[in-house]
Amino acid sequence: METESEPYVRLASLRQLHQVMADMNTARSLADTLQTVADGVVTALGYELACVNLVRPDGDLVVAAFAGNAAAEALITGRVGSRESWERRLSMGEMWGDLVFIPHTEGWVLDDDDVPQWYTDGPAPRFDDEWHPSDRLFAPMYAPGGQGNPHGELIGVLSVDRPRNGRRPGAWGREALQMYAFQAAIAISNARLRSNMQRALVRLEREQQALRASEESFRQAFEYAPSGMAIAEMGGEQHGRILRTNDALCRLLGRPASAMRRYSFSDLVHPEDIGTLLRTSAEGGRAELRLGRRDGSYVWVSLRNSVVADTADGPRFLLTHVEDIEERKRRELQLAHRASHDSLTGLPNSAELRARLSARLCQRPQSAHPAAVDAYESFDSAAYAHPAAYDAHGHGFDFRPGAAGDPYDAYDHHVHTVAPEDDRDDGTKGLAVLFCDLDGFKSINDRFGHNAGDAVLIEVARRLSRGVRDGDTVARLGGDEFVILADGLGRADAQDLAVRLRNEIIQPIRAEGRAVRVGASFGIGWAHCGMTADEVLKSADERMYVEKRSRPKQHRRAG
């Protein structure tokens with residue numbers, strides 16, 4: 001009777017097996033899939049107890065689902081067994097295909113290991129194939145493998161207990177459990193994949209939301225920043241072209257955003273500041289320079305650059321922060337002007353005069369012998385015979401400018417300042433230094449007060465500045481002493497300039513409501529390389545006193 005009904009029983013079991021497999025693959029989450037796997041063993045395969053032991057990332061196995069006994073489920077669900085103990089179990093007992101059966105005669109050695117277990121009591125078996133309460137049956141679940149490797153990575157172990165018919169499973173029961181474990185492995189792998197994808201999608205959505213929020217924050221910070229902002233291309237043929245500007249930068253330069261996109265910063269920078277812009281590193285560079293406004297004027301700005309990427313491997317752009325520093329630069333220039341100019345007349349002061357004069361004069365090296373200097377300045381062939389034409393090691397100097405071994409290498413790329421010969425005009429043009437001292441100024445201070453004296457000094461400064469060429473320097477040395485630096489003059493030119501300036505000075509000056517007059521004495525010195533600024537000024541000062549003493553006292557001041 002049992003043999004006659006066996007096909008019907010198998011068909012019903014297959015229908016149940018098909019249903020639980022369908023349930024496994026339609027579960028919504030990994031947890032639902034694991035529980036469905038455990039429930040399917042009890043529902044379709046005829047076992048009273050089923051446990052799903054899932055491999056964790058660290059390799060140990062955790063009881064992830066249990067079916068058939070609520071008390072057992074509450075006791076062992078979530079407990080962990082070591083990978084070592086599980087490998088011991090899977091390597092002993094009898095191999096039923098991919099299944100592992102450990103009879104009670106061998107399984108007693110596992111009673112005290114760390115794998116979570118549930119013990120069931122029952123009578124001792126009466127037949128050879130009867131199920132013993134201490135028998136163990138495991139169905140390893142492997143991830144699908146490739147060709148030639150049917151078993152992939154172990155993802156878990158399905159353990160079953162107490163067949164309902166009380167007997168050890170036969171060939172069909174073993175095949176059904178093995179097939180079920182194979183399908184369960186696929187369902188669990190798919191559920192894990194879906195779970196990972198869902199987490200990835202959630203994470204991606206959160207990242208996209210954060211990115212959108214960040215982009216919106218950047219847009220608002222860019223658009224409404226109180227100082228100028230610009231984004232420019234980086235690299236390629238359009239490197240530096242402005243792509244986007246904010247309102248603050250457009251207002252600063254007086255240019256609409258549509259017009260700004262036709263330029264790069266190199267198009268807008270002041271010609272004198274091109275070098276500063278080019279020397280500024282594009283990656284994190286900073287520079288202070290002038291940018292052109294629409295009306296043709298320029299404004300001092302501080303540029304600060306940062307490199308930003310559009311995507312991980314996408315194009316890079318240059319984010320430029322433009323800060324208006326016009327007021328600070330104006331203050332700096334005012335402070336620099338005050339430090340280098342006379343507060344009363346506005347002329348360069350003594351320190352600025354010496355700096356300008358020193359910039360034109362190259363100094364002789366300290367180690368140069370005076371005879372070598374003379375030989376250099378005259379460049380006579382006899383210099384080679386002079387002992388000073390040799391250094392301490394006996395090597396000869398080549399005095400030709402720019403030659404190797406020239407003791408005046410420091411003079412390279414310097415235009416040497418020369419002076420006309422004394423007492424004759426040989427056509428040589430040089431740097432004339434006119435030292436001017438006012439005659440009769442002290443009496444104006446004494447008679448009319450310092451306010452009148454200051455008015456005279458201011459007017460004299462104005463007349464001197466008006467009487468020289470662009471590029472010449474008029475400085476107030478101190479008190480009533482002025483100095484004029486006039487380059488490119490011959491001796492006669494310098495004398496004519498002194499006469500013209502004296503004639504300007506002696507004209508009446510309005511001071512404190514009255515007309516006063518002062519005279520002027522001029523001494524003409526000549527600057528040439530090898531002299532210091534103090535030496536040049538002293539020479540002109542001495543010549544001024546010679547000229548002052550050479551004129552009768554009554555002629556030193558006109559009127």
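We use all heavy atoms of the structure for the numbers below, so side chains are in, but hydrogens, waters and symmetry mates are not. All values reported here derive from a predicted model rather than from experimental measurement.
Here the straight-line distance linking atom CD of Q117 with atom CG of D112 works out to 8.5 Å at 0.5 Å rounding. Atom CE of residue M260 and atom CG of residue L268 lie 5.5 Å apart, to the nearest 0.5 angstrom. Interatomic distance, CZ of R328 versus CG of L333, reported as 10.5 Å (0.5 Å rounding). Of the inter-residue distances, the one linking S358 atom OG with L353 atom CG reads 9.0 Å to the nearest 0.5 angstrom. The distance from the OG atom of S227 to the NE2 atom of H321 is 2.5 Å, given to the nearest 0.5 Å. In this structure, S306 OG and I231 CD1 are separated by 11.0 Å, a value rounded to the nearest 0.5 Å.
Residues passing the salt bridge (charged side-chain N to carboxylate O under 4.0 Å, His left out) test with R164: none are found, sequence neighbours excluded. For F138, the ring pair (Phe, Tyr, Trp, His ring centres under 6.0 Å) partners two or more places apart in sequence, or in a different chain, are W86. Residues meeting the side chain to side chain donor-acceptor pair (under 3.5 Å) test with R241, sequence neighbours left out: E233, Q238. Here F265 pairs with nothing under the ring pair (Phe, Tyr, Trp, His ring centres under 6.0 Å) rule; sequence neighbours left out. Listed by chain and number, the residues in a ring pair (Phe, Tyr, Trp, His ring centres under 6.0 Å) with Y224 amount to none (sequence neighbours excluded). S214 is linked by a side chain to side chain donor-acceptor pair (under 3.5 Å) to nothing, counting only residues two or more places apart in sequence or in another chain. With sequence neighbours excluded, no residue forms a ring pair (Phe, Tyr, Trp, His ring centres under 6.0 Å) with Y263. Not counting sequence neighbours, the partners of E73 by the side chain to side chain contact (heavy atoms under 4.5 Å, CB included) test are Q35, F66, T77. Residues passing the side chain to side chain donor-acceptor pair (under 3.5 Å) test with Q208, sequence neighbours excluded: none.
For the pair R136 (side chain) and G107 (backbone), a donor-acceptor distance under 3.5 Å is present. With hydrogens and angles disregarded, no donor-acceptor distance shorter than 3.5 Å links the side chain of N53 to the backbone of L61. Panel note: side chain R293, backbone L252; a donor-acceptor pair is recorded below 3.5 Å. When atom types are taken as modelled, the side chain of S217 and the backbone of A213 share a donor-acceptor pair closer than 3.5 angstrom. When atom types are taken as modelled, the side chain of Q178 and the backbone of D98 share a donor-acceptor pair closer than 3.5 angstrom.
Between the side chains of T276 and D273, no donor-acceptor pair is found at a separation under 3.5 Å. Using a 3.5 Å distance cut-off with no hydrogens or angles, the side chains of N305 and T320 do pair a donor with an acceptor.
For the salt bridge (Lys or Arg N to Asp or Glu O under 4.0 Å) with D113, the lone residue among R89, R88, R83 that qualifies is R89.
Side-chain atoms of T245 and V322, non-hydrogen and from C-beta on, never get closer than 4.5 Å to each other. At a threshold of 4.5 Å between non-hydrogen side-chain atoms, the residues T532 and L361 do not count as touching.
The minimum heavy-atom distance between A185 and M141, with the atom names listed, is CB-CB, 3.9 Å. Nearest heavy atoms, G40 versus Y180: CA-OH, 3.3 Å. Considering all non-hydrogen atoms of both residues, A139 and L177 come closest at CB-CG, 4.2 Å. Considering every non-hydrogen atom in both C529 and R360, the closest pair reads SG-O, 4.2 Å. Of all the heavy atoms in L249 and A230, the pair that sits closest is CD2-CB, 3.8 Å. Scanning both residues, C51 and V63, for their nearest heavy atoms gives SG-CG1, 3.5 Å.
More than 12 heavy atoms of other residues, nucleotides or ligands shown are found within 6.0 angstrom of CG on D111. For E84, the CD atom is loosely surrounded, since the number of other residues' heavy atoms within 6.0 Å does not exceed 12. The environment of CG in D128 is sparse: at most 12 heavy-atom neighbours from other residues, nucleotides or ligands sit within 6.0 Å. Under a cut-off of 6.0 angstrom, the local environment of CE in M197 is sparse, with at most 12 non-hydrogen atoms contributed by other residues, nucleotides or ligands. The local environment of CZ in R206 is sparse, with at most 12 non-hydrogen atoms from other residues, nucleotides or ligands closer than 6.0 Å.
Between R167 and D135 no salt bridge is recorded (no basic side-chain N to carboxylate O distance below 4.0 Å). At a threshold of 4.0 Å, the pair E326-R290 does not count as salt-bridged, since none of the basic side-chain nitrogens sits closer than that to a carboxylate oxygen. Classification of D58 and R56 as a salt-bridged pair holds, one side-chain N sitting under 4.0 Å from a carboxylate O. We find that E215 and R219 are not joined by a salt bridge, their nearest charged nitrogen and carboxylate oxygen being 4.0 Å or further apart.
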Given D267 and S264, is the side chain to side chain contact (heavy atoms under 4.5 Å, CB included) satisfied, shown in steps?
CA-CA 5 Å; D267 300 324; S264 66; 3.3 Å; yes
Show your reasoning for whether salt bridge (charged side-chain N to carboxylate O under 4.0 Å, His left out) applies to R356 and E352.
CA-CA 6 Å; R356 295 187 186 184; E352 177 66 12; 2.9 Å; yes
For the pair L303 and R286, evaluate side chain to side chain contact (heavy atoms under 4.5 Å, CB included) and give the outcome as yes or no after the intermediate values.
CA-CA 5 Å; L303 294 186; R286 181 190 293 264; over 6 Å; no
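Figure legend: R168 and F101 shown without cation-pi pairing, the cationic atom not lying both under 6.0 angstrom from the six-membered ring centre and within 45 degrees of its axis.
Residue pairs satisfying the salt bridge (Lys or Arg N to Asp or Glu O under 4.0 Å) criterion with at least one member in residues 192-204, sequence neighbours excluded, are absent. Evaluation of the salt bridge (Lys or Arg N to Asp or Glu O under 4.0 Å) test over residues 36-48, restricted to residues two or more places apart or in two chains, returns E48-R162. Contacts classified as ring pair (Phe, Tyr, Trp, His ring centres under 6.0 Å) and involving residues 185-207 (residues at least two apart or in different chains) are not found.
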